Chemist: 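Following this message is one structure expressed as structure tokens.
In this text the structure is predicted, and so the values were computed from the model without any measurement.
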Amino acid sequence: MTRPPILIIFGTRPEAIKLFPVVRVLRDSGAVPVRVCVTAQHRGMLDQVLDIAGLVPDHDLDLMEPGQSLDRLTARLLTGLGEVMDSERPAMVVVQGDTATAMAGALAAYYRKIPVAHVEAGLRSGNIYQPWPEEVNRRMIAPIAELHFAPTETAAAALRAEGIAPARVHVTGNSVIDALHWTKARIAADPMLASGLDPVLARLAGKRILLVTTHRRENFGDGMAAIARALRRIAEREDVGILFPMHPNPNVVAVMDEILGDHPAIARIAPLDYPQFVRALDAAHIVLTDSGGVQEEAPALGKPVLVMRETTERPEGVAAGTARLIGTDEDRIAAEVFALLDDTDRYAAMARAHNPFGAGNTAEQINRIMTHALGL
């Protein structure tokens, strides 16, 4: 008799990056069938990760629509994922992080009394509107989940403080470090995987590279304009080249088009696939971001991270000294970047700080805990 499967659900590029190591380890162990459902909340960027990881989904809901509202997306996710669960009848559902896909997946499983495992559980900023709506998505998953895979002790403590039973909380590190090291090794073995970055790195040769990512909803408008003005100021330095993979959201593109134009020291390029992003991260001198995952990835490669947000649900990086919260004030952004460029001791202190997000064995730990929980 075939065992009921584990159903792993994701819909965005960050979820795919953090869950493909888990899928690979669970499948390699052979203890239980593994089924993968993607919602394609982010279609193109998701497919890039599926390709590099060699994953073919068992279910693809293909729910991406231009400009769809969060309530329409959530309703479509809930019904679509519910239908998949009804057909698969899984023993456990795995969700990751803080997306609408993760929240709806957990809720659909709860409606069917299917146990939920939450990868990257317990992250909290303390502000339900920063990041928005991710902070609330995480909080909604917490009382539903049976297994909480917290990346750090800080995240685990946050869950326990909310009344989650300690026996259900497991500190595993973050699986993004597994993905990062696996992909870096793949690039070393086959440089062609990331060769698409060759032209832009040649353009910036001889300069210290500032890698920039920005796309947060709470920075749209005035915050995004301030980021753009700061980048233009930084780009006036002859020793700096800015590598800027542009998020396709019109709220980002329009502002950057207007303020940055075609500045020769700013390489605004299309979003990078994951191997190319890992290579860009490795080539960077400083990382400037409002992303969540980059705050975890950059320290693993010894790169100082300046976080253009007022709060972070990853305070461990700030506490360890690998990251610094700087907000979106134009003067502050420029000053913090210049300080790292000009003060070698300040730079070294951040670059050498301990990475608090794990050692790259998170997927193995998750596999062991889940199979034990399922009585295998």
Side-chain angles (χ1 to χ4, degrees), residues 13-15 17-18 21 96-98 119-125 131 134 149-158 171-185 187-188 194 208-216 243 245 272 274-327 333 336-337 339-341 343-363 365:
R13 168 176 154 146
E15 289 170 289
I17 290 170
K18 294 178 179 182
Q96 192 281 329
D98 54 19
V119 177
E120 196 186 68
L123 276 64
R124 300 290 185 269
S125 72
E134 290 84 359
F149 299 122
T152 66
E153 178 54 39
T154 299
V171 179
T172 60
N174 197 307
S175 56
V176 74
I177 309 302
D178 301 35
L180 181 69
H181 291 318
W182 183 85
T183 304
K184 189 176 177 184
I187 295 169
R208 289 183 285 180
I209 293 175
L210 175 66
L211 176 62
V212 179
T213 69
T214 180
H215 68 277
R216 294 236 61 87
L243 178 54
L272 299 172
Y274 189 57
Q276 290 177 345
F277 180 75
V278 170
R279 185 180 176 196
L281 198 59
D282 205 26
H285 186 68
I286 300 168
V287 178
L288 186 64
T289 188
D290 62 11
S291 167
V294 178
Q295 296 175 51
E296 301 154 345
E297 293 165 308
L301 298 180
K303 310 298 179 177
V305 188
L306 299 175
V307 183
M308 298 180 293
R309 289 162 60 173
E310 301 302 328
T311 61
T312 179
E313 67 280 27
R314 295 166 173 85
E316 299 91 341
V318 177
T322 64
R324 188 184 306 274
L325 276 176
I326 64 171
I333 293 170
E336 292 283 355
V337 171
L340 283 176
L341 290 170
D343 187 335
T344 55
D345 290 339
R346 185 185 184 96
Y347 181 89
M350 292 189 73
R352 295 172 186 163
H354 167 68
N355 174 25
F357 298 109
N361 62 348
T362 295
Q365 295 183 65

Chemist: So do the side chains of L211 and V294 get within less than 4.5 Å of each other, counting heavy atoms only?
Modeler: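 When only atoms from C-beta onward are counted, V294 and L211 do not touch, as no gap falls below 4.5 Å.
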Chemist: Between R208 (side chain only) and L341 (backbone N and O only), is there a donor and an acceptor less than 3.5 Å apart?
Modeler: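 At least one qualifying donor-acceptor pair exists.
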Chemist: Quick one: does S125's side chain get under 4.5 Å of E134's, heavy atoms only?
Modeler: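 Contact flag for S125/E134 side chains = no.
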Chemist: With a 4.5 Å limit on heavy-atom distance, are the side chains of D290 and H215 in contact?
Modeler: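 Result yes, sub-4.5 Å side-chain heavy-atom pair found.
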Chemist: Between the side chains of T172 and T362, does any donor sit under 3.5 Å from an acceptor?
Modeler: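 The criterion, which ignores hydrogens and geometry beyond distance, is not satisfied for T362 and T172.
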Chemist: Could you go step by step and tell me if Y274 and I17 meet the side chain to side chain contact (heavy atoms under 4.5 Å, CB included) rule?
Modeler: CA-CA 8 Å; Y274 189 57; I17 290 170; 3.3 Å; yes
Chemist: Drop me the distance from I209's CD1 to H285's NE2, to the nearest 0.5 angstrom.
Modeler: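 Rounded to the nearest 0.5 Å, the CD1-NE2 separation comes out at 10.5 Å.
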Chemist: Work out which heavy atom in P275 is nearest to a heavy atom in A194; give both atom names and the distance.
Modeler: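 Minimum heavy-atom contact is O-CB, 3.7 Å.
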Chemist: Mind listing the closest non-hydrogen atom pair of A150 and A155 along with its distance?
Modeler: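 Shortest heavy-atom contact: CB-CB, 4.0 Å.
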Chemist: Go through M308 and I326 one step at a time and tell me if the side chain to side chain contact (heavy atoms under 4.5 Å, CB included) criterion holds.
Modeler: CA-CA 5 Å; M308 298 180 293; I326 64 171; 4.2 Å; yes
Chemist: Answer yes when K184 and E297 have at least one side-chain N-carboxylate O distance shorter than 4.0 Å, and no when they do not.
Modeler: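 Between E297 and K184 there is no salt bridge, as every charged N stays at least 4.0 Å from the carboxylate O atoms.
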Chemist: For T183 and I187: C-alpha separation, side-chain torsions, deciding distance, then whether side chain to side chain contact (heavy atoms under 4.5 Å, CB included) applies.
Modeler: CA-CA 6 Å; T183 304; I187 295 169; 4.2 Å; yes
Chemist: For residues F357 and E296, report the shortest heavy-atom separation together with the two atoms involved.
Modeler: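 Where F357 meets E296 most closely, the heavy atoms are CD1-CA, 3.7 Å.
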Chemist: Do the side chains of I333 and L288 get nearer than 4.5 Å, heavy atoms only?
Modeler: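 Result yes, sub-4.5 Å side-chain heavy-atom pair found.
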Chemist: Supply the atom-to-atom distance T152 OG1 to N174 CG, rounded to the nearest 0.5 angstrom.
Modeler: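 Separation between the atoms: 9.0 Å.
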Chemist: Can you tell me if R352 has over 12 outside heavy atoms packed within less than 6.0 Å of its CZ?
Modeler: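 No, because the 6.0 Å sphere around CZ of R352 holds 12 heavy atoms or fewer from other groups.
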Chemist: Rounded to the nearest 0.5 Å, what's the gap from CG on L123 to OG1 on T154? Could you check?
Modeler: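 One finds 9.5 Å between CG of L123 and OG1 of T154.
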Chemist: Is there a side-chain contact between Q365 and F149 (heavy atoms, below 4.5 Å)?
Modeler: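 In short, these two side chains do not touch, never coming nearer than 4.5 Å.
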Chemist: Indicate the atoms forming the closest heavy-atom contact of A363 with D178, along with that distance.
Modeler: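 Minimum heavy-atom separation between A363 and D178: N-OD2, 2.9 Å.
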Chemist: Testing the basics here: between V278 and L301, what is the closest heavy-atom pair and its distance to 0.1 Å?
Modeler: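 Looking at all heavy atoms of both residues, the closest pair is O-CD1, 4.4 Å.
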Chemist: V318 vs V307, test: side chain to side chain contact (heavy atoms under 4.5 Å, CB included). Steps then yes/no.
Modeler: CA-CA 9 Å; V318 177; V307 183; 5.8 Å; no
Chemist: Look up atom NZ in K18 and atom CD in E120, then write down how far apart they are to the nearest 0.5 Å.
Modeler: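 Reported value, rounded in 0.5 Å steps: 3.5 Å.
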Chemist: If I compare all heavy atoms of R346 with all of A339, which pair ends up nearest, and what's the gap?
Modeler: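 Minimum heavy-atom separation between R346 and A339: NE-CB, 3.5 Å.
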Chemist: Nearest 0.5 angstrom please: M350 CE to T322 OG1, how far?
Modeler: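 One finds 6.5 Å between CE of M350 and OG1 of T322.
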Chemist: Could you grab the distance from atom CG of L340 to atom CG of L306, nearest 0.5 Å is fine?
Modeler: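 Reported value, rounded in 0.5 Å steps: 5.0 Å.
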